[in-house]
Novice: 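One structure is given below, represented as structure tokens, and several questions about it will come after.
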Amino acid sequence: MTSSALPSPAVPSAAPSSRPAVLAGSAGIVLFVAGQALFPVLAPDVESAFAAMLALREQLLLSRLLTAAGAFLLVATVPPLAALARVRGRRLLLVGLGLLATGTFFNALSHTVQGYAAWATTAPGVDAAAAMPALLHLDAGLAGLPVSYWSVPVFGLGVVLTGVALLVARTVPVWMPVLLLLGAVLAFATAGLGPVVALTQAPLAVALVALLLTSGRGSGRSGLVVAPSSVHAQG
């Protein structure tokens, strides 16, 4: 009498589908890039920049709100992307995704607060001379840290570590993490340059969408698992 294992009918796995997160993350990427492309090109000196903010207050608010909505939705990319490295490179990937999520969340918060603050301080009838210093000090000190610029390099570092981790993991085509890394460099080098950002941030967007779609297909394939069953055969 010998015992052998045969596959039993497929049964659903306990892991939930990542499709909603993939859709939310993909939509977030599109909104983020659209918001960045709409951001007005502001002069480096404060007076000229504030004058442009007065003239383009509607565009500035729309740009910041689109960017904020996209950044909030980008947090949803973490669970499906985390599934792309189960063993090799997993710790580095989780660190990278943790930084990415932290950076995008606070970047979204910053754009929301900064957007409405600029909308209020550039309203008709508001004294520009008095409003400008208040806007400049919005992110000053520890109290202003959550809405300050620090979220941008944190997000950037998270993207770089994520790309390196996926290169180590070797679970996706190599062009995806390479494009992610190149896209990160392009995106941060050209931030704030207006409509051209739609082109320079395209590689980063394409890489993220490709990774999300890859994780989504993997989730779909892992929706059913085959459980072995033991049968006895005459020997």
Side-chain angles (χ1 to χ4, degrees), residues 20-42 49-50 52-81 96-123 131-132 134-159 162 180 183-184 186-209 212:
V22 170
L23 292 175
S26 300
I29 294 163
V30 173
L31 290 173
F32 186 88
V33 173
Q36 290 292 287
L38 279 173
F39 196 84
V41 180
L42 302 177
F50 198 79
M53 291 168 63
L54 287 168
L56 303 170
R57 60 191 302 265
E58 291 85 3
Q59 179 182 341
L60 182 61
L61 179 63
L62 178 60
S63 165
R64 286 201 179 274
L65 292 183
L66 284 174
T67 302
F72 275 129
L73 288 173
L74 277 172
V75 178
T77 64
V78 171
L81 292 181
L97 290 175
L99 291 173
L100 186 151
T102 302
T104 50
F105 176 83
F106 283 102
N107 188 242
L109 180 64
S110 174
H111 275 287
T112 303
V113 173
Q114 298 271 4
Y116 279 114
W119 175 260
T121 54
T122 57
M132 186 167 58
L135 187 61
L136 291 174
H137 286 84
L138 186 65
D139 57 358
L142 288 176
L145 193 60
V147 295
S148 66
Y149 183 78
W150 73 270
S151 61
V152 175
V154 170
F155 168 71
L157 180 59
V159 172
T162 297
L180 185 71
L186 271 176
F188 286 95
T190 59
L193 294 184
V196 71
V197 168
L199 295 176
T200 59
Q201 291 191 357
L204 179 63
V206 169
L208 282 172
V209 170
L212 287 171

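For clarity, every value in this text was computed on a predicted model and none was experimentally measured.
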Novice: Classify the angle between the aromatic ring planes of F72 and F105 as parallel (below 30°), tilted (30 to 60°) or perpendicular (above 60°).
Specialist: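 Perpendicular: the ring planes of F72 and F105 meet at over 60°.
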
Novice: With a 4.5 Å heavy-atom cut-off, do R64 and L60 have their side chains touching?
Specialist: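 They are in side-chain contact.
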
Novice: Is any side-chain heavy atom of F155 closer than 4.5 Å to one of L99?
Specialist: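 A side-chain contact under 4.5 Å is absent here.
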
Novice: Do you know which two heavy atoms are closest between P80 and V22, and how far apart they sit?
Specialist: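 Heavy atoms of P80 and V22 come nearest at CB-CG2, 4.2 Å.
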
Novice: At what distance, to the nearest 0.5 angstrom, does OG of S63 lie from CG of L38?
Specialist: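 Going from OG on S63 over to CG on L38, the span is 6.0 Å.
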
Novice: For residues A101 and T104, report the shortest heavy-atom separation together with the two atoms involved.
Specialist: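 Smallest interatomic distance, heavy atoms only, reads O-OG1, 3.0 Å.
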
Novice: Taking all non-hydrogen atoms of both residues into account, name the closest pair between A21 and A76 and its distance.
Specialist: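 Here A21 and A76 meet closest at CB-O, 3.4 Å.
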
Novice: What distance separates L56 CG from L61 CG, expressed to the nearest 0.5 Å?
Specialist: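 It is 12.5 Å, given to the nearest 0.5 Å.
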
Novice: Do you know which two heavy atoms are closest between I29 and A205, and how far apart they sit?
Specialist: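 Minimum heavy-atom contact is CG2-CB, 3.3 Å.
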
Novice: Would the distance check show the side chain of R57 and the main-chain N or O of W119 forming a donor-acceptor pair, the cut-off being under 3.5 Å?
Specialist: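 Yes: the side chain of R57 pairs with the backbone of W119.
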
Novice: Could you tell me which non-hydrogen atom of L138 sits nearest to which non-hydrogen atom of A117, and how far apart they are?
Specialist: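 That would be CD2-CB, 3.7 Å.
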
Novice: Run the numbers on F32 and L204 for side chain to side chain contact (heavy atoms under 4.5 Å, CB included), then give the verdict.
Specialist: CA-CA 11 Å; F32 186 88; L204 179 63; over 6 Å; no

Novice: Without swapping roles, check the side chain of T102 against the backbone of G98 for a donor-acceptor pair under 3.5 Å.
Specialist: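 Judged by distance alone, yes, a pair lies under 3.5 Å.
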
Novice: For T162, run the side-chain contact (heavy atoms from CB on, under 4.5 Å) check against T77, L180, L208 and tell me which one passes.
Specialist: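 So, applying the side-chain contact (heavy atoms from CB on, under 4.5 Å) to T162 and each of T77, L180, L208, only L180 qualifies.
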
Novice: How many angstroms lie between OG1 in T122 and CE in M132, if you round to the nearest 0.5 Å?
Specialist: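 Spacing of OG1 (T122) from CE (M132) equals 12.5 Å.
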
Novice: Could you state the interatomic distance from CG (L65) to CG (L31), rounded to the nearest 0.5 Å?
Specialist: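 Answer for the CG-CG pair, L65 versus L31, is 11.0 Å.
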
Novice: Using atom types as modelled and distance alone, determine if a side-chain donor or acceptor of S148 lies under 3.5 Å from a backbone N or O of L145.
Specialist: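 Yes, the answer is positive, given that a donor and an acceptor are paired below the 3.5 Å cut-off.
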
Novice: Using 0.5 Å steps for rounding, measure from the CD atom of Q201 to the OG1 atom of T190.
Specialist: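 Separation between the atoms: 6.0 Å.
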
Novice: Between F188 and A184, which heavy-atom pair has the shortest distance, and what is it?
Specialist: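 Minimum heavy-atom contact is CD1-O, 2.9 Å.
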
Novice: State the CG-OG1 distance between L74 and T67, to the nearest 0.5 angstrom.
Specialist: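 The OG1 atom of T67 is 10.5 Å from CG of L74, to the nearest 0.5 Å.
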
